[in-house]
A.B. asks: 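Quick one: the structure is below, questions incoming.
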Amino acid sequence: MPELPEVETVRKALSNLIINKTIRDIDVFYTKIVRNVSVEEFKYSLENRVLKRIDRYGKYLIFNFGEVSLISHLRMEGKYFIKNADMPKEKHEHIIFYFTDGDTLRYHDTRKFGTMDLIPTKDIYIDSPITKLGFEPFNKELTVAYLQKRIQKKGTAIKTVLLDQTIITGLGNIYVDEVLFLSKLNPTKSANTITKIEIKAVIDNSIKVLNKAIKLGGTTIRSYTSSLGVTGRFQNELNVHTKKDLPCPICNTLIKKIKVNGRGTYYCPKCQQ
DNA sequence: GTGACCACCTGGCCGC
DNA sequence: TGCGGCCAGGTGGTCA
């Protein structure tokens, strides 16, 4: 499932391939992916526009077409492929953007969870899905004081809080498990009992884990593989996630798998007490 | 404001 | 072999 590093990998790959291309036509085969406007408006607003650049905030991709931007969330299994227009449509390709040069950008999503919103570019940070998001771990405004203030009334598990994108954006199930392992925090510990030192460790380790994952192209795991021939290598660096019943890399205690708020959660019962 | 739960969706896996 | 049921999980909505 794409988290911040995977989305950044996709952003870089797409930027190298489709910037400055002009959209000639769009086919939408599964209309629910387009959320905030009708399919007709979606097509009308984007056709004949030139893709200026691709940005990212948290797990969202922002395709900037000048006056309007397309905000895309890949959710569980969304992927983009670039193919020639004469290639046949494959199963699970739900939206196809046709460029004037004969290439196409194809949105592929096995589970149809992904979303696209069309937003006036001037409103991206005022009125869009991005508006609600918290700071990315790299943001200097994500301080110990900020995080302490946001979690001091949270009686839920620290893992649940770190998955809340309105507090910190970019961490998903895989990386939260890794961050908590490096921070020696039990994923079920109540967020409002976390000390300042532990909060500092969470922030530092979030930056460390995400930077390393971005450098390695993200994580290729389970059903999710990246598009465009890009395969992440961070799965080789995982300490606990998917390591149930395997020895902890630090103390050799067997890694446990539990559920935290319905999410599969891996941790070392000795290192993360 | 907070927390718990559910829906969305399909492929893979497991047990019968 | 075929079938049914469960699981995976990010986000948004609903309800208490």
Side-chain angles (χ1 to χ4, degrees), chain A residues 1-8 10 28-37 56-62 71-80 90-95 107-117 119 127-134 136-137 147-180 187-194 206 210 213 218-227 232 235 238 240-245 256-267:
Chain A
M1 58 304 298
E3 301 182 25
L4 189 153
E6 290 75 30
V7 177
E8 178 61 15
V10 171
V28 179
F29 301 100
Y30 184 72
T31 58
K32 283 188 178 179
I33 289 171
V34 180
R35 289 195 302 185
N36 70 327
V37 293
R56 179 194 55 72
Y57 192 84
K59 303 175 193 175
Y60 287 86
L61 282 168
I62 306 167
I71 299 181
S72 166
H73 196 302
L74 304 174
R75 295 286 181 99
M76 307 302 300
E77 295 188 17
K79 303 178 185 73
Y80 282 102
E90 290 191 11
K91 192 179 180 185
H92 305 309
E93 286 180 355
H94 303 304
I95 297 182
Y107 180 70
H108 179 290
D109 192 342
T110 309
R111 294 190 198 173
K112 299 178 175 174
F113 273 15
T115 60
M116 293 187 192
D117 290 88
I119 306 286
D127 183 20
S128 82
I130 288 171
T131 316
K132 304 171 194 166
L133 300 178
E136 290 186 348
L147 202 48
Q148 190 177 35
K149 188 179 177 186
R150 292 298 306 271
I151 70 174
Q152 63 187 2
K153 290 180 182 174
K154 297 280 186 184
T156 48
I158 182 66
K159 168 154 183 175
T160 303
V161 169
L162 295 181
L163 284 172
D164 184 343
Q165 302 298 300
T166 67
I167 297 174
I168 298 181
T169 186
L171 293 175
N173 204 38
I174 299 172
Y175 296 117
V176 166
D177 280 358
E178 294 301 309
V179 167
L180 290 172
T188 63
K189 189 171 181 179
S190 281
N192 56 12
T193 65
I194 304 294
S206 297
L210 292 180
T219 304
T220 304
I221 199 171
R222 291 207 195 96
S223 59
Y224 184 78
T225 53
S226 185
S227 58
Q235 67 274 13
L238 295 174
V240 288
H241 195 82
T242 70
K243 306 290 184 186
K244 183 189 173 191
D245 293 334
K256 272 193 174 181
K257 183 184 181 186
I258 57 172
K259 288 259 189 184
V260 176
N261 203 27
R263 301 293 148 92
T265 300
Y266 301 82
Y267 76 106

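Below, chain A is the first sequence line, B the second, and so on; all start at residue 1.
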A.B. asks: What is the separation between atom NZ on A:Lys259 and atom C1' on C:dG9, rounded to the nearest whole Å?
C.D. replies: 9 Å
A.B. asks: Any side-chain N or O of A:His92 less than 4.0 Å from the OP1 or OP2 oxygen of B:dG11?
C.D. replies: yes
A.B. asks: Where the side chain of A:Arg111 is defined as all heavy atoms beyond and including C-beta, which of B:dC9, C:dG10, B:dT2 is the nearest nucleotide?
C.D. replies: B:dC9
A.B. asks: Using ring centroids (six-membered ring only for Trp), state whether A:Tyr60 and A:His73 fall under 6.0 Å.
C.D. replies: yes
A.B. asks: Could I get a table of every N or O pair under 3.5 Å where one atom is in the protein and the other is in nucleotides 11-14 of chain C?
C.D. replies:
| from | atom 1 | to | atom 2 | distance (Å) |
| --- | --- | --- | --- | --- |
| C:dT11 | OP1 | A:His73 | NE2 | 2.7 |
| C:dT11 | OP2 | A:Lys59 | NZ | 3.4 |
| C:dT11 | O4 | A:Arg263 | NH2 | 3.3 |

A.B. asks: Return the nearest nucleotide to the side chain of A:Lys32; candidates are B:dC9, B:dG3, B:dT10.
C.D. replies: B:dC9
A.B. asks: Take atom CD of A:Gln152 and atom P of B:dG3, then tell me their distance rounded to the nearest Å.
C.D. replies: 12 Å
A.B. asks: Test your reading of the model: is there a side-chain donor-acceptor pair from A:Arg150 to the backbone of A:Thr166, 3.5 Å cut-off?
C.D. replies: yes
A.B. asks: Do A:Thr188 and A:Tyr267 pair up side chain to side chain, a donor and an acceptor below 3.5 Å, judged on atom types alone?
C.D. replies: no
A.B. asks: Using 4.0 Å as the upper bound for N to carboxylate O, is an ion pair formed by A:Lys59 and A:Glu136?
C.D. replies: no
A.B. asks: Could you work out how much the helix from B:dT2-C:dA16 to B:dC16-C:dG2 bends, comparing the axis of its first five pairs with that of its last five, to 10°?
C.D. replies: 50°
A.B. asks: Between A:Lys91 and B:dG11, is there a side-chain N or O to OP1/OP2 distance below 4.0 Å?
C.D. replies: yes
A.B. asks: In whole angstrom, what separates A:Glu77's CD from B:dG11's P?
C.D. replies: 9 Å
A.B. asks: Do the non-hydrogen side-chain atoms of A:Leu171 and A:Leu210 ever get within less than 4.5 Å of each other?
C.D. replies: yes
A.B. asks: Which atoms form the tightest heavy-atom contact between A:Thr169 and A:Gly58, and what is the distance?
C.D. replies: OG1-CA, 3.5 Å
A.B. asks: Expressed as a whole number of angstroms, how long is the span from A:Lys79:NZ to B:dC9:C1'?
C.D. replies: 14 Å
A.B. asks: Please report the C-alpha distance between A:Asp177 and A:Lys159 in whole Å, then the side-chain angles of each, then the deciding distance to 0.1 Å, and finally whether the salt bridge (Lys or Arg N to Asp or Glu O under 4.0 Å) criterion is met.
C.D. replies: CA-CA 8 Å; A:Asp177 280 358; A:Lys159 168 154 183 175; 2.8 Å; yes
A.B. asks: Atom OH of A:Tyr107 to atom P of B:dC9: distance rounded to whole Å?
C.D. replies: 13 Å
A.B. asks: Figure out the CZ/P separation between A:Phe29 and B:dC9, and round it to whole Å.
C.D. replies: 18 Å
A.B. asks: Rounded off to whole Å, could you give me the CG-to-P distance for the A:Asn192 and B:dG3 pair?
C.D. replies: 8 Å
A.B. asks: In whole angstroms, how far is the P atom of B:dG11 from the CD atom of A:Glu90?
C.D. replies: 14 Å
A.B. asks: With a 3.5 Å distance limit and no angle check, can you tell me whether A:Glu178 reaches the backbone of A:Val240 through a side-chain donor-acceptor pair?
C.D. replies: yes
A.B. asks: Between A:Lys112 and A:Gly155, which residue's closest nucleotide on DNA chain B lies nearer the 5′ terminus?
C.D. replies: A:Gly155
A.B. asks: Got A:Lys79 and A:Leu74 here, is their nearest side-chain heavy-atom distance under 4.5 Å?
C.D. replies: no
